[in-house]
Protein chains: 2
Amino acid sequence: MARSAEVSRPPTMADVAREAGVSHQTVSRVLSGHPHVRPATRAQVTAAVDRLGYRRNPAARALVTRRTRTLGVIAVNTTLYGPASTMAGLHEAARDEGYLVSAVTLRGDGRQGLKDAVDHLSSWGVEGVVALTPQRTTGQALARLDAPFPVVSVEGGDQLGLPAVSLDQERGARMVTEHLLAAGHATVWHVAGPDGWSESEARTAGWRAVLRERGIAAPPPLQGDWSPLSGYRAGQELAGHVLSGQGPGVTAVFVANDQMALGVLRALREAGVRTPERVAVAGFDDIPEAEFFPPPLTTVRQDFGSIGRRSIRLLIDHIEGRARGAEHVLVEPQLIVRGSTRGVAEV
Amino acid sequence: MARSAEVSRPPTMADVAREAGVSHQTVSRVLSGHPHVRPATRAQVTAAVDRLGYRRNPAARALVTRRTRTLGVIAVNTTLYGPASTMAGLHEAARDEGYLVSAVTLRGDGRQGLKDAVDHLSSWGVEGVVALTPQRTTGQALARLDAPFPVVSVEGGDQLGLPAVSLDQERGARMVTEHLLAAGHATVWHVAGPDGWSESEARTAGWRAVLRERGIAAPPPLQGDWSPLSGYRAGQELAGHVLSGQGPGVTAVFVANDQMALGVLRALREAGVRTPERVAVAGFDDIPEAEFFPPPLTTVRQDFGSIGRRSIRLLIDHIEGRARGAEHVLVEPQLIVRGSTRGVAEV
DNA sequence: GGCACGATTGTTAGCGCTCACACACGGGTG
DNA sequence: CACCCGTGTGTGAGCGCTAACAATCGTGCC
């Protein structure tokens with residue numbers, strides 16, 4: 001490791017060149033895998049690199065190549081299972097493609113928060129952004145932002161004019177609804193997610209479409225905010241209907257996500273309404289806990305990891321000029337049938 | 001927006017200088033908030049910046065300042081609630097301090113995977129790393145890595161010789177155990193997490209310490225792997241003890257995390273063992289679902305967000321030379337008492 | 001035997017910014 | 001009235017790297 005005694009600055013390409021007895025350009029060529037380098041030279045350079053523990057300075061590279069190989073992610077609530085899993089897929093794919101990913105959580109609401117987030121990423125020179133903006137207004141704000149780099153929208157709804165990736169929410173909702181009808185239920189009730197969320201709206205739309213197609217009247221949907229508590233409240237209301245025996249009978253409920261379904265199950269249980277014997281319940285997402293709910297929850301699995309990976313690939317295709325336009329990648333949902341909709345009690 | 005017609009390259013500081021009729025140095029001064037600039041000049045520069053939509057090139061800055069203001073995070077499984085929440089806190093704090101954060105998930109096991117992760121971050125010039133490495137071996141590998149930048153360990157156990165942040169796991173375990181004993185239970189059973197995880201070991205240690213202090217024999221701990229399924233299996237075993245009436249009576253169980261507790265609850269329910277009347281159950285973490293478990297789960301709340309924020313601050317203190325050495329920041333746990341350990345059934 | 005051409009290596013110029021320094025100016029001080 | 005010092009601004013020199021071009025050395029072919 002003996003070398004000229006600078007105080008303790010990391011070695012530069014020139015240091016390596018000197019050590020290997022070649023020019024700095026040759027070092028650069030070896031490091032970037034340029035073809036026309038004699039094997040012997042290459043070996044010398046590699047040895048010198050190892051000896052000195054040299055690493056290329058990314059800032060200097062970025063300065064001259066105008067490529068930072070850095071991507072940004074904008075998300076709302078990354079502590080939930082879905083977004084967190086999507087992020088994991090995102091990071092993995094980006095790393096495989098040789099990019100760095102940095103995430104920013106949206107703070108404050110819509111317009112300004114979004115602009116701040118984009119600015120933050122922008123000031124670090126990201127080459128593109130994946131935005132997890134499930135709320136309609138945020139998606140629209142995003143589309144209007146006109147960022148100086150490609151933006152891919154994930155679960156951001158349809159009409160944004162941006163390249164997008166999402167689960168086929170409507171299809172998933174149809175699958176659950178059809179599953180419940182096939183089990184002999186006369187109709188299917190629905191606990192919807194909050195207004196203004198594209199996922200929420202697509203799931204409701206899918207549910208409604210199936211009922212319409214079969215000429216079944218859709219009961220008035222209840223509404224929650226994705227939280228278990230809101231599901232609990234909706235569940236209490238449903239239990240009321242069951243016990244009072246009024247209106248179209250409540251025998252099957254499609255809840256727009258698993259967390260709310262947990263709340264619904266609790267409310268039904270507290271009211272003495274047995275699941276699935278008296279009321280069948282299904283959710284959406286397939287969070288890891290769903291299999292252990294009382295009873296195990298029938299739900300629609302979203303392959304969040306795959307959504308993340310697809311969106312990174314789409315983004316990179318745009319950055320590297322292999323894609324243009326606003327294509328929409330749809331990921332297939334999968335119905336997971338468990339005890340909460342089976343004829344037999346599991347618990 | 002009229003300006004000299006380069007093809008379409010983003011404006012440089014020189015462009016702004018020309019536009020504002022000053023030198024590039026003055027622009028730099030304005031942008032970095034240098035004091036000795038006449039207000040009028042400052043205004044001209046700001047106006048020119050706005051007019052041109054100018055942004056400083058981060059690569060050029062980093063090249064000369066030798067500061068990338070980028071941090072790395074290494075984590076294992078970021079899809080779980082705990083790590084995901086910690087990450088969120090981390091990102092937030094870093095953004096407030098003007099740093100960019102990039103995360104990398106560990107792939108493969110211990111040594112090599114860790115080295116690859118560090119290399120990846122390193123090649124992007126991170127100035128420091130926060131490592132969420134709850135497994136003992138990973139933590140040790142990390143300590144031995146001798147990275148060229150500060151590393152803060154989160155929940156990585158004690159003896160690593162690295163600056164560290166963690167929840168006071170042992171204290172949390174003591175709180176639950178004491179809570180259960182105070183409710184009149186003769187002893188407390190334990191479903192532990194997997195071997196080799198510092199959190200698992202600290203929780204077991206806290207539980208054992210309380211029993212020892214009171215001269216109570218510790219029942220043999222069962223063991224899971226954090227998953228609901230493993231909790232379910234442990235729960236079946238416990239249910240067996242309860243029903244057979246053998247050995248020291250099972251009336252209270254401290255489960256090392258909430259997800260396993262969910263499995264335990266299900267197993268007990270299936271075996272007809274009522275909670276909390278017959279057996280009280282407590283968990284650890286306070287995941288959002290815990291409040292809606294059947295019954296609502298008594299647990300120890302970890303303030304994951306705060307853990308994330310503290311670790312970023314600690315890391316930045318090291319980077320900026322305000323701290324040295326291997327101090328260990330402990331975050332206080334909080335006991336959350338719910339129906340699963342109350343004398344009265346909630347459900 | 002000379003020349004074209006590909007393989008291999010070196011030389012030169014920046015990329016866009018900050019730092020160190022120089023310079024100009026004005027008002028107080030001895 | 002010369003001098004000093006603080007304020008405000010400009011000039012020049014790189015940071016460490018890649019891209020473009022230039023130079024050198026063979027080798028095969030006519």
Side-chain angles (χ1 to χ4, degrees), chain A residues 3-4 6-46 48-49 52-70 122-125 127 148, chain B residues 3-4 6-46 48-49 52-69 98 122-125 127 148:
Chain A
R3 64 194 160 93
S4 60
E6 286 123 58
V7 256
S8 84
R9 184 169 291 184
T12 73
M13 202 168 257
D15 295 331
V16 177
R18 203 173 313 122
E19 176 85 13
V22 299
S23 77
H24 66 122
Q25 181 58 269
T26 299
V27 177
S28 173
R29 275 191 271 254
V30 169
L31 261 34
S32 35
H34 188 96
H36 301 312
V37 179
R38 223 185 324 148
T41 315
R42 186 180 302 275
Q44 279 173 50
V45 170
T46 315
V49 164
L52 264 41
Y54 169 75
R55 322 203 54 134
R56 280 191 289 196
N57 180 322
R61 267 164 70 74
L63 179 56
V64 54
T65 60
R66 300 163 184 290
R67 297 287 317 267
T68 59
R69 297 192 78 81
T70 297
S122 204
S123 70
W124 258 268
E127 296 185 38
Chain B
R3 64 195 159 92
S4 61
E6 286 123 56
V7 255
S8 85
R9 185 168 290 186
T12 73
M13 201 169 258
D15 296 330
V16 176
R18 202 173 313 122
E19 175 85 13
V22 297
S23 77
H24 65 119
Q25 180 59 271
T26 298
V27 177
S28 173
R29 274 191 274 256
V30 169
L31 260 34
S32 37
H34 188 96
H36 301 312
V37 179
R38 223 186 323 150
T41 315
R42 185 180 301 275
Q44 279 173 50
V45 170
T46 315
V49 164
L52 264 42
Y54 169 75
R55 322 203 55 134
R56 280 191 290 195
N57 180 322
R61 268 163 69 72
L63 179 56
V64 52
T65 60
R66 300 163 184 290
R67 296 288 316 270
T68 59
R69 298 193 78 82
S122 203
S123 70
W124 258 267
E127 297 185 38

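Quick note on labels: first sequence line is chain A, next is B, and so on, each numbered from 1.
A:H24 places its NE2 atom 10 Å from the P atom of C:dT12, with the value rounded to the nearest Å. In this entry the distance linking CZ of A:R18 with P of D:dG16 reads 12 Å, nearest Å. Atom C1' of nucleotide D:dC17 and atom CZ of A:R55 are separated by 16 Å, given to the nearest angstrom. Regarding B:R56, its CZ atom lies at a distance of 21 Å from the P atom of D:dC15, rounded to whole Å. Residue A:Q25 contributes atom CD, which lies 17 Å from atom P of D:dG16 at whole-angstrom precision. Straight-line distance from the CG atom of B:L63 to the P atom of C:dG14: 17 Å, rounded to whole Å. To the nearest angstrom, C1' of D:dA19 lies 16 Å from CZ of A:R67. In this entry the distance linking NE2 of A:H34 with P of C:dG10 reads 13 Å, nearest Å.
Minimum atom distance to the side chain of A:M13 is reached by D:dC17, of the listed D:dG12, D:dA19, D:dC17. The A:S23 side chain lies nearest to C:dT11 when the options are C:dT11, D:dG16, D:dG14. Taking the side chain of B:T26 as heavy atoms from C-beta on, and the options C:dC17, D:dT18, D:dG10, the nearest nucleotide is D:dG10. Set against C:dT9, C:dG16, C:dA20, the side chain of A:V37 has C:dT9 as its closest nucleotide. For A:T12, the listed nucleotide lying nearest its side chain is D:dG16; candidates were C:dT18, D:dG16, D:dT18. When distances are taken from the side chain of A:T65 to each of D:dG16, C:dC19, D:dT18, the shortest belongs to D:dT18.
Taking the side chain as every heavy atom from C-beta outward, B:R56 and B:S32 approach each other to under 4.5 Å. B:T46 is listed as a side-chain neighbour of B:R42, based on a closest heavy-atom distance under 4.5 Å. Annotation: side chain of B:N57 is not in contact with side chain of B:T12 (no heavy-atom distance under 4.5 Å). Side-chain atoms of A:M13 and A:S28, non-hydrogen and from C-beta on, do get closer than 4.5 Å to each other.
No side-chain donor-acceptor contact under 3.5 Å links B:R29 to the backbone of B:H36.
Within the 4.0 angstrom heavy-atom criterion, only backbone atoms of the sugar-phosphate kind lie near A:T41; the bases stay farther away. Using a 4.0 Å heavy-atom cutoff across all strands shown, B:R29 reaches at least one base atom of the nucleic acid.
Checking B:H36 against B:R66, the closest nucleotide of DNA chain D that is more toward the 5' end is the one next to B:H36.
Neither OP1 nor OP2 of C:dC15 sits under 4.0 Å from any side-chain N or O of B:R9. Using a 4.0 Å cut-off, some side-chain N or O of A:R61 falls inside it from OP1 or OP2 of D:dT18.
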